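See below for the structure under consideration.
Naming: A, B, ... by sequence-line order, numbering from 1 per chain. Predicted, not measured: the structure shown is a model, and the values here were computed from it. Values below: all heavy atoms of this structure, side chains included; hydrogens, waters and symmetry mates excluded.
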There are 2 protein chains.
Amino acid sequence: MAEQTEVPRRTPLSRERVLRAAVALADEAGIDSLSMRNLAQDLGVVPMALYKHVANKDELVAGMIDVVIDEIAPPLADTDWKHAVRERILSARRVLQRHPWVSLAIESQQTPTPAILAYLDSMVGTFRTGGFSVDLAHHVMHAMGSRTLGFSQELFDTARNAGRTGVTSPEPPAALPAQFADRFPNLAKIAVVASHDDTSVVGRGCDDQFEFEFALDLLLEGIERLHQQGWTSAR
Amino acid sequence: MAEQTEVPRRTPLSRERVLRAAVALADEAGIDSLSMRNLAQDLGVVPMALYKHVANKDELVAGMIDVVIDEIAPPLADTDWKHAVRERILSARRVLQRHPWVSLAIESQQTPTPAILAYLDSMVGTFRTGGFSVDLAHHVMHAMGSRTLGFSQELFDTARNAGRTGVTSPEPPAALPAQFADRFPNLAKIAVVASHDDTSVVGRGCDDQFEFEFALDLLLEGIERLHQQGWTSAR
DNA sequence: AGAGACAGCGTACGCCGTACACCAAAGAAT
DNA sequence: ATTCTTTGGTGTACGGCGTACGCTGTCTCT
């Protein structure tokens, strides 16, 4: 008649569950709200319990980054390097847009995570298979820079700070604050033109996706030109 | 005979002095060691004294960014847009290399600082003066991305974390840890080739400056081509 | 039945940013 | 000369953070 504990015995923690909960928390509440204490609370557990599954907070976010990076689609097979690289980068971009805190997290790490190394390695492999010399592949990877990972930071992108201010910016900068146009006339002009066919005269900003692909294609075409003319280290 | 206080009456604080001390502290000890308390101590003052000169920590680092950005040389006059842009970006790069914490700080801000807006505005102006349409200038600014500011993050650049670990990495990864070459064969190959004429077989890595200019010129030449063929929004 | 290993708990420490009340000295106004 | 106000530095205190360390209850293997 032992009244066995009828409390539902919640499924035990695991590194997997911790990382997933952390990613969810960062996605919803912003990276600033990711504390060991908040995360523990979300998991219905005491903060120190987490340390049985992750070594410390740095290692936690490293794990979170790897979880996200693994969402990136593998490279297309049976196509030319250019198409393969382009599509993979756009896949990476889609992933990082779902998790806006990741790009900053990646840049804050002092050491690349295994998943990122694997991703970069595979990207290099695509170039090599496409006939690139080791040297050219190397320079090209540098040239792509963070764009390889699907971001190039839209300087001060608001999405990245989602949840930082709670609500996700329902305010388009209705009228950019008056002196702006005087102090920064060139930027102002761009801002106005960029919102060409929008209802509001100013504010929607520009099409991030277009800008990203514009830059990506500019690079890819420059790279293709180098490749076709048999680039050698003599510059 | 009033023994007037002979204590040297240290020069009073000012926003200027606070910002300069903060930049110096971040330069020397790394951005992680920049706390209001440490900064106050450096200035021989109690932490709360700082708040008479800066609103809060975010506003402090915004001010620090502006101090640094203002070190960037103005654009060259009397030259073509390409040369002007190239040299200015290289100047920005030199500045940001002196203050390795800045690029991350910039990316962490949710709003661009005035000095950055001024810098970007001036850069747009250089393109416009060079005959670029508003539209093309806009896209081109996006294409340059963070390279406009002289960095493109050398993914996990060690310099950026200077002081983070105290001593500035006297360890070249003497032998990259064995399984590396197995797990990431393409990266390994690059790493080996990159250290071609070095004494150690592996480790020095690559010439960051060369890589930066390689990518910069790749972009500038692609941009020049667009410009010369009279780019219009039809892509 | 006893011995480990494992996972979650509780407490505590030293950092952090900063709100708030206070106070000395320096002008400014009387 | 006296008072008032402003300015800039002080002291205390609060809540939040990451995490070291020791305890406890449960599950497994012998």
* A:Leu50 side, atom CG; A:Leu19 side, atom CG - distance, nearest 0.5 Å -> 10.5 Å
* Asked: Nucleotide by nucleotide, 5' to 3', does protein get under 4.0 Å of the base (B), only the sugar-phosphate (S), or neither (-) in nucleotides 10-18 of chain C, counting heavy atoms?
  -> BBB---BBB
* To do: List in chain and number order the residues that pass ring-ring contact (aromatic ring centres under 6.0 Å, His included) with A:Phe184, two or more places apart in sequence or in another chain; answer none if no residue qualifies.
  => A:Phe180
* Asked: Side chains of B:Asp66 and B:Thr113: do they bring a donor and an acceptor to under 3.5 Å?
  -> yes
Please tabulate the protein-to-nucleotide N/O contacts below 3.5 Å involving nucleotides 22-24 of chain D, giving atom names and distances.
none

* N/O donor-acceptor pair under 3.5 Å between B:Arg147 side chain and A:Ala143 backbone -> yes
* Report the residues that fulfil salt bridge (charged side-chain N to carboxylate O under 4.0 Å, His left out) with B:Arg94, sequence neighbours left out, ordered by chain and then residue number. => none
* **salt bridge (charged side-chain N to carboxylate O under 4.0 Å, His left out) involving B:Arg37 - partner list, sequence neighbours excluded** => none
* side chain to side chain donor-acceptor pair (under 3.5 Å) contacts in which one or both residues fall within residues 181-192 of chain B, not counting sequence neighbours -> A:Asp121-B:Asn186
* Mutual orientation of the aromatic rings belonging to B:His99 and B:Trp101 [parallel < 30°, tilted 30-60°, perpendicular > 60°] -> perpendicular
* Asked: Can a side chain N or O of A:His53 be found less than 4.0 Å away from OP1 or OP2 on C:dC6?
  -> no
